[in-house]
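Remember, it's a predicted structure, so these values are computed and weren't measured experimentally.
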Protein chains: 2
Amino acid sequence: MSRDKNLPLDQILVGDCIDLMNRLPERSVDLVFADPPYNLQLGGDLLRPNNSRVDGVDDAWDRFDDFASYDKFTREWLSAARRILKDDGALWVIGSYHNIFRVGSILQDLGYWMLNDVIWRKTNPMPNFRGRRFTNAHETLIWCARSKEQKRYTFNYEAMKALNEDQQMRSDWLLPLCTGSERLKDSAGKKVHPTQKPEALLYRVLLASTNPGEVVLDPFFGSGTTGAVARALGRRYIGLERDLAYAEAAQNRIAAVKPMTEADIVALRAKRTEPRVPFGTLVERGLLKPGEVLFDERRRWSARIRADGTLIAPLGRDLEGGRDGDGSQDGGVVGSIHSVGAAVQGAQACNGWTFWHVTRDGMSLPIDIFRQQIRAELAGE
Amino acid sequence: MSRDKNLPLDQILVGDCIDLMNRLPERSVDLVFADPPYNLQLGGDLLRPNNSRVDGVDDAWDRFDDFASYDKFTREWLSAARRILKDDGALWVIGSYHNIFRVGSILQDLGYWMLNDVIWRKTNPMPNFRGRRFTNAHETLIWCARSKEQKRYTFNYEAMKALNEDQQMRSDWLLPLCTGSERLKDSAGKKVHPTQKPEALLYRVLLASTNPGEVVLDPFFGSGTTGAVARALGRRYIGLERDLAYAEAAQNRIAAVKPMTEADIVALRAKRTEPRVPFGTLVERGLLKPGEVLFDERRRWSARIRADGTLIAPLGRDLEGGRDGDGSQDGGVVGSIHSVGAAVQGAQACNGWTFWHVTRDGMSLPIDIFRQQIRAELAGE
DNA sequence: TTGAGGGGTGAATCCGACG
DNA sequence: GCGTCGGATTCACCCCTCA
């Protein structure tokens with residue numbers, strides 16, 4: 001859980017994010033969430049330091065200069081972030097069409113491996129006042145692993161599915177802007193930060209791609225939404241922010257956050273982390289008996305249970321299965337519930353737990369219900 | 001209207017699109033729509049949960065050695081496209097996270113000026129079978145002008161607004177994949193092209209950013225969706241396609257398209273925003289009465305009209321609706337015709353005007369007919 | 001005719017623990 | 001690090017069959 005590295009956990013460090021990241025230990029952070037500045041230089045006239053206007057020398061070159069400096073900045077902070085990410089770490093960036101294409105390209109050039117681009121669809125975007133374009137109603141996030149080669153990354157599939165009415169979470173997220181009481185205001189009622197992100201956005205990001213106790217670093221901490229949500233969700237944060245006023249506002253904001261209880265946070269446990277139950281256990285415990293015959297749901301194939309927890313299936317199709325006598329070895333496929341299920345179907349793989357059924361009281365039941373029964377017993381102990 | 005330049009109008013040229021573009025006169029084309037290879041980097045096979053194989057895009061034209069070679073290709077075709085665009089021309093590109101960030105960056109480097117990035121949200125995307133990522137449920141389009149300095153570009157604001165319930169068209173478009181009878185199949189029933197785009201997508205693109213008679217060039221013509229929609233909408237097309245089989249299929253497809261009448265096209269183009277009619281107006285005018293019950297077309301859901309022009313629907317399904325007494329607040333969903341329609345269906349959005357029906361003389365009529373009636377009155381005044 | 005149900009399929013960077 | 005193998009994993013829509 002990364003308490004080893006002397007990380008400045010649950011703190012905001014004030015300074016240049018590239019410098020600060022370069023001083024942190026490498027491979028120490030689970031996630032980076034970044035909301036970098038958009039390339040604001042692209043707007044109006046380009047002025048020299050003495051305020052004279054750069055005149056039509058070569059617009060393309062000027063543009064290249066603008067983009068080049070933004071690209072250089074982007075390469076630097078993304079490189080620094082990659083150094084401090086753990087091998088199984090990941091990174092999120094958010095941006096708009098002004099900068100996200102530069103960021104995405106550079107990400108890929110640096111060896112990050114894209115997992116998804118995610119669209120934040122705004123319920124309440126600013127309209128296009130002049131009627132010259134489509135209402136710019138979304139922003140783009142990129143979710144990427146530290147590298148293509150890395151073994152694993154965190155994705156809490158079940159939690160995301162639960163958040164989305166028990167259907168897979170899609171790559172387009174409909175969320176309102178940060179307004180109302182969530183929006184930080186100063187004593188004069190002026191908004192503290194121009195681009196404060198909604199907590200719901202970070203909630204989804206952190207819930208999807210971190211586990212409780214893990215460390216998320218935000219190099220452009222701003223008003224501290226990342227920290228506030230991390231604290232609420234039982235994650236640790238490191239905030240980097242150049243502007244002291246922002247950092248102080250964020251600090252106060254986070255201090256007021258009440259963390260969720262551990263029970264609430266762990267509520268959704270992934271299926272794939274449930275304890276493994278060998279099929280043989282079902283036989284050992286007498287839930288299934290050696291010699292019993294299993295069928296697929298539509299009774300196209302059958303297989304007989306052997307005492308060691310393997311199955312044996314006849315070679316061709318077999319509509320009735322049994323009646324071979326008791327221990328006869330009639331030259332069939334032998335193996336695990338999975339491999340025999342795959343073999344009879346001629347498939348590459350098969351989940352034997354859901355494929356094979358057994359008859360009880362005239363009903364056809366998947367053998368997985370016996371596994372669930374054993375898991376329930378294990379959980380109760 | 002560009003009949004000056006000896007362009008190969010309404011034709012498909014077979015060959016390398018960069019060569020072909022370089023042979024066309026410069027500044028001769030109004031719009032470029034491009035659906036370049038995405039540079040997917042697929043590993044082995046992907047199996048569905050039922051063990052069937054996903055028919056992925058493994059065509060030679062989508063394989064590049066590395067990002068550098070993809071970038072070089074992208075720079076070349078985008079440069080060639082820019083040369084043949086008129087000074088007030090524009091370009092659309094579509095892509096996915098695999099390539100769109102490279103394309104977007106290079107666009108900007110070459111001097112194109114982004115107007116919007118547009119998200120095509122798919123109603124029916126392929127699920128993520130392994131549960132390892134978010135469902136990749138969208139693709140990204142970039143709409144850009146030839147240069148930042150250009151005076152004008154075409155944007156049919158009113159037509160877009162009319163297409164979107166009289167509200168500004170947003171940058172996220174919800175459209176289904178190209179399936180069913182629209183999808184080109186060969187005599188064996190196999191899809192002709194692996195990535196055929198839906199006509200509705202091109203319809204919106206061309207309606208938004210071209211005028212009748214203008215020329216749209218598609219350098220990756222494929223199955224010819226751009227040409228088919230251009231012909232239907234009274235635009236001219238130039239298709240460039242390397243693969244002769246694709247070109248022939250596209251040719252046949254386009255020949256079968258029946259162009260809309262000029263009157264229809266002009267109507268679309270000139271369509272003024274129709275006056276907004278609040279639902280409450282129908283109640284005010286007595287066309288509908290408070291307490292009346294609305295149904296969806298198939299009478300699966302119902303809602304009662306309240307005096308203020310909102311609806312109230314019972315929480316669960318309700319086949320008969322009424323008989324609650326007059327002003328009772330029996331704990332249902334309350335809101336606009338649109339929000340209640342969405343809520344009862346569990347949908348994110350709903351056009352209440354076409355969703356809700358009312359019974360008149362034993363017939364079920366959409367409430368939109370009353371809006372039309374009021375609009376007719378307003379137009380007559 | 002209509003409805004229920006089964007099968008097919010779409011631009012996809014789609015596994016990981018354990019020995 | 002690599003091979004083995006257990007076993008987890010899908011949504012909307014269209015078409016067809018059959019009752």
Side-chain angles (χ1 to χ4, degrees), chain A residues 88 108 112-117 144-145 148-153 155 157-158 161 164-171 270-280 298 335-342 347-356 367-368 371, chain B residues 35-59 61-64 67 94-100 120 122-140 174 176-183 185 189-191 193-198 220 222 298:
Chain A
D88 55 359
Q108 293 176 315
Y112 286 97
W113 186 245
M114 273 188 207
L115 299 169
N116 278 113
D117 59 338
C144 53
K148 179 180 182 178
E149 293 74 24
Q150 79 187 56
K151 296 263 199 309
R152 9 179 285 120
Y153 56 88
F155 180 53
Y157 176 76
E158 302 288 347
K161 194 168 173 176
N164 190 44
E165 304 265 294
D166 286 335
Q167 298 201 338
Q168 289 190 337
M169 185 68 79
R170 296 169 42 116
S171 55
K271 226 177 238 171
R272 39 169 63 92
T273 63
E274 288 184 305
R276 189 174 118 73
V277 177
F279 176 70
R298 296 172 61 191
S336 70
I337 53 173
H338 312 294
S339 63
V340 173
Q348 289 190 2
C350 168
N351 182 346
W353 291 107
T354 52
F355 178 75
W356 293 114
I367 59 176
D368 200 36
R371 182 171 63 162
Chain B
D35 181 12
Y38 285 9
N39 190 24
L40 301 186
Q41 296 160 55
L42 305 182
D45 282 349
L46 177 63
L47 297 182
R48 300 169 193 271
N50 66 2
N51 276 318
S52 70
R53 203 177 68 83
V54 173
D55 183 17
V57 175
D58 56 353
D59 303 72
W61 51 253
D62 196 48
R63 284 195 287 269
F64 293 82
F67 282 132
I94 182 168
S96 67
Y97 66 86
H98 311 84
N99 71 322
I100 198 65
W120 168 27
K122 302 176 182 182
T123 56
N124 50 346
M126 189 185 299
N128 186 292
F129 295 115
R130 303 301 299 267
R132 300 297 301 150
R133 304 181 177 194
F134 299 100
T135 304
N136 192 5
H138 72 276
E139 295 190 24
T140 301
L174 182 66
L177 294 171
C178 178
T179 60
S181 60
E182 187 185 321
R183 186 93 198 210
K185 307 249 171 60
K190 235 192 73 192
K191 60 190 175 194
H193 194 281
T195 69
Q196 184 179 342
K197 293 293 174 291
F220 307 98
R298 297 172 59 191

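- Residue contacts shown for B:Asp35 include a base, since a base heavy atom lies under 4.0 Å away.
- Atoms CG (A:Asp368) and P (D:dT9) sit 11 Å apart, rounded to a whole Å.
- If you take NZ on A:Lys161 and CE on A:Met169, they are separated by 12.0 Å, rounding to the nearest 0.5 Å.
- Without hydrogens or angle criteria, B:Asn124 side chain to B:Leu177 main chain gives a donor-acceptor distance under 3.5 Å.
- Comparing D:dT17 with C:dT1, their C1' atoms sit 15 Å apart, to the nearest whole Å.
- Among the protein residues, B:Trp120 comes within range of no part of the nucleic acid, since none of its heavy atoms lies under 4.0 Å from any strand.
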Each nucleotide N or O in nucleotides 10-12 of chain D that has a protein N or O under 3.5 Å away: list the pair and distance.
unit_1, atom_1, unit_2, atom_2, d
D:dT10, OP1, A:Tyr157, OH, 2.6
D:dT10, OP1, A:Lys161, NZ, 2.5
D:dC11, OP1, A:Gln168, N, 2.9
D:dC11, O2, B:Pro125, O, 3.3
D:dA12, OP1, A:Gln167, OE1, 3.0
D:dA12, OP2, A:Gln167, NE2, 3.4

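- Smallest separation of non-hydrogen atoms from A:Pro278 and A:Arg276: CD-O, 3.8 Å.
- Using P as the reference atom, C:dA11 and D:dT9 are 25 Å apart when rounded to the nearest Å.
- For the atom pair B:Ile94 CD1 and B:Asp35 CG, the distance stands at 5.5 Å (nearest 0.5 Å).
- Closest non-hydrogen pair, B:Asp62 versus B:Leu40, comes out as OD2-N, 3.0 Å.
- When heavy atoms are screened at a 4.0 angstrom cut-off, A:Ser339 is found touching no nucleic acid atom at all.
- With the nearest nucleotide of DNA chain D identified for both B:Ser181 and B:Leu47, B:Leu47 has the one nearer the 5' end.
- When the side-chain nitrogen and oxygen atoms of A:His338 are compared with OP1 and OP2 of D:dG7, one or more of them lie within a distance under 4.0 Å.
- Within 4.0 Å of B:Asn39, counting heavy atoms only, lies no atom of the nucleic acid at all.
- Taking atom C1' on both nucleotides, C:dG10 is separated from C:dC14 by 15 Å, rounded to a whole Å.
- Taking 4.0 Å as the cutoff to heavy atoms of chain A, we find the contact window on DNA chain C bounded by C:dG7 to C:dA17.
- Using a 4.0 Å heavy-atom cutoff across all strands shown, B:Arg53 reaches no nucleic acid atom at all.
- Summarising the geometry, the separation between CD1 on A:Ile367 and P on D:dG7 is reported as 10 Å, rounded to the nearest angstrom.
- Atom pair B:Arg132:CZ and D:dG7:C1' shows a separation of 14 Å (rounding to whole Å applied).
- The residue A:Ser336 sits close only to the backbone: its heavy atoms come under 4.0 Å of sugar-phosphate atoms, none of a base.
- Here the CD-OG1 distance, from A:Gln168 to B:Thr135, works out to 3.5 Å after rounding to the nearest 0.5 Å.
- One finds the CD1 atom of A:Ile367 at 4.0 Å from the CD1 atom of A:Ile337 (value rounded to the nearest 0.5 Å).
- Atom CD in A:Gln348 sits roughly 16 Å away from atom C1' in D:dA8 (whole-Å rounding).
- Distance alone, capped at 3.5 Å, places no donor-acceptor pair between the A:Lys151 side chain and the A:Glu149 backbone.
- Distances shown here put every side-chain N or O of B:Thr179 at or beyond 4.0 Å from the OP1 or OP2 atom of D:dC14.
- For the atom pair CZ (B:Arg133) and CG (A:Leu115), the distance works out to 4.5 Å, reported to the nearest 0.5 Å.
- Taking atom C1' on both nucleotides, D:dC13 is separated from C:dT13 by 25 Å, rounded to a whole Å.
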Once Watson-Crick and G-U wobble pairs under 3.5 Å are found, how is DNA chain D written in dot-bracket notation, 5' to 3', with | for any base paired to another strand?
.|||||....|||||||||
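- Across all strands shown, B:Pro36 has heavy atoms under 4.0 Å from base atoms, whether or not it also approaches the sugar-phosphate.
- Taking CD of B:Gln41 as the start and CG of B:Asn99 as the end, the distance is 10.0 Å to the nearest 0.5 Å.
- Within 4.0 Å of A:Asn351, counting heavy atoms only, lies at least one base atom of the nucleic acid.
- Each of A:Asn116 and A:Arg298 was matched to the nucleotide of DNA chain C holding its nearest heavy atom; the match closer to the 5' end belongs to A:Arg298.
- No contact: A:Lys148 has no heavy atom under 4.0 Å from any strand.
- Closest of all the heavy-atom pairs between A:Trp353 and A:Phe279 is CH2-CA, 3.7 Å.
- Among the candidates B:Tyr97, B:Tyr38, B:Trp120, the single residue satisfying the side-chain hydrogen bond (donor to acceptor under 3.5 Å, both in side chains) test with B:Glu139 is B:Tyr38.
- Between the side chains of A:His338 and A:Ser336, not a single donor N or O lies within less than 3.5 Å of an accepting N or O.
- Across the C1' atoms, C:dT9 and D:dT10 are found 11 Å apart, a figure rounded to whole Å.
- A cation-pi arrangement is absent between B:Arg130 and A:Tyr157 under the rule of less than 6.0 angstrom and at most 45 degrees off the ring axis.
- D:dT4 has its base anti relative to the sugar, with a glycosidic angle deviating from 0 by more than 90°.
- Look at A:Arg276 and you won't find any side-chain N or O under 4.0 angstrom from OP1 or OP2 of D:dG6.
- Among the heavy atoms of the strands lying under 4.0 Å from A:Ala349 is at least one base atom, whether or not backbone atoms are also near.
- Here B:Gly44 lies in heavy-atom contact (under 4.0 Å) with a base.
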